[in-house]
Amino acid sequence: MARPWEADTSAELRRRLGRSALELGDTTASPSCPDIWELSNGDIAVIGRDLTESYRGRLPAGVSIARDERLVVIPRKMLVAAKPDIPDA
């Protein structure tokens with residue numbers, strides 16, 4: 001059975017949402033920076049720490065992580081900084 005939504009691997013990174021990890025003080029200009037990007041098709045890409053295995057055994061009821069999915073964590077202030085760039089609809 002096909003999923004109702006599939007990620008479009010041809011979509012390009014279009015614009016950063018919010019401020020960079022460097023601007024927020026969450027990195028020292030290393031290549032391991034969390035980030036949030038809007039893709040050319042409107043979907044959102046999140047770069048964060050892969051904590052899938054840390055959370056897999058303690059997910060709330062009704063929450064699951066498919067084999068091709070990862071649970072990533074980003075700093076709270078990064079998402080708060082992106083709020084003005086995220087459309088209401």
Side-chain angles (χ1 to χ4, degrees):
M1 175 180 231
R3 294 176 176 175
W5 175 84
E6 284 292 342
D8 178 0
T9 58
S10 68
E12 301 288 333
L13 295 170
R14 188 171 82 184
R15 69 179 179 117
R16 172 179 281 122
L17 299 180
R19 297 182 300 177
S20 72
L22 187 59
E23 291 174 293
L24 294 170
D26 287 329
T27 188
T28 56
S30 72
S32 57
C33 303
D35 222 334
I36 307 170
W37 283 79
E38 180 179 13
L39 301 178
S40 57
N41 67 353
D43 285 347
I44 306 299
V46 177
I47 301 169
R49 299 282 160 62
D50 180 355
L51 296 182
T52 305
E53 294 311 315
S54 297
Y55 281 88
R56 189 179 298 281
R58 53 193 173 112
L59 296 172
V63 176
S64 61
I65 302 171
R67 289 176 29 161
D68 62 345
E69 295 175 331
R70 298 290 175 267
L71 185 151
V72 298
V73 175
I74 60 171
R76 182 182 195 283
K77 64 183 169 183
M78 179 166 277
L79 185 59
V80 170
K83 188 175 180 180
D85 293 334
I86 300 170
D88 292 330

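Below, each value reflects all heavy atoms present in this structure, side chains not excepted, and no hydrogens, waters or symmetry copies.
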Worksheet, complete the sentence: dist Asp26:CG -> Arg19:CZ (nearest 0.5 Å) comes out at 10.0 Å

Discussion item. Nearest 0.5 angstrom please: Trp5 CH2 to Asp43 CG, how far?
Written reply: 5.5 Å

Discussion item. The test is side-chain contact (heavy atoms from CB on, under 4.5 Å); show your working for Asp85 and Arg15 and say whether it passes.
Written reply: CA-CA 10 Å; Asp85 293 334; Arg15 69 179 179 117; 3.8 Å; yes

Practice prompt. Flag yes if more than 12 heavy atoms outside Arg58 fall under 6.0 Å of its CZ atom; otherwise flag no.
Written response: yes

Discussion item. Show the nearest heavy-atom pair for residues Leu24 and Ala81, with the distance to one decimal.
Written reply: CD2-CB, 4.2 Å

Item to complete: Indicate, with yes or no, if Val63 and Val72 share a hydrophobic cluster defined by side-chain heavy-atom contacts under 4.5 Å among Ile, Leu, Val, Met, Phe, Trp and Tyr.
Response: no

Worksheet item: Short question: side chain of Thr52, backbone of Leu71 - any donor-acceptor pair under 3.5 Å?
Response: yes

Practice prompt. Check whether more than 12 heavy atoms from other residues, nucleotides or ligands sit under 6.0 Å from atom CZ of Arg56, and answer yes or no.
Written response: yes

Worksheet entry | From Glu38 atom CD to Arg16 atom CZ, the distance as rounded to the nearest 0.5 Å | 13.5 Å

Discussion item. To the nearest 0.5 Å, what is the distance between OG on Ser64 and CG on Leu59?
Written reply: 8.0 Å

Fill in: side-chain contact (heavy atoms from CB on, under 4.5 Å) between Ile44 and Ile36, worked out
CA-CA 7 Å; Ile44 306 299; Ile36 307 170; 3.7 Å; yes

Worksheet item: Side chains of Pro34 and Pro75: closer than 4.5 Å at any heavy-atom pair?
Response: yes

Worksheet item: So with a 6.0 Å cut-off around CD of Glu69, is the heavy-atom count from everything else above 12?
Response: yes

Discussion item. Test side-chain contact (heavy atoms from CB on, under 4.5 Å) on Leu13 and Leu39; report intermediate values, then the result.
Written reply: CA-CA 5 Å; Leu13 295 170; Leu39 301 178; 3.4 Å; yes

Fill in: Linked, directly or transitively: Val80 and Val46 (ILVMFWY side chains, under 4.5 Å)
no

Response to the item:
Between Ile74 and Gly48, the two heavy atoms sitting closest are CG2-CA, 3.9 Å

Discussion item. side-chain contact (heavy atoms from CB on, under 4.5 Å), that's the test. Do Leu79 and Ile86 meet it? Break it down for me.
Written reply: CA-CA 10 Å; Leu79 185 59; Ile86 300 170; 4.2 Å; yes

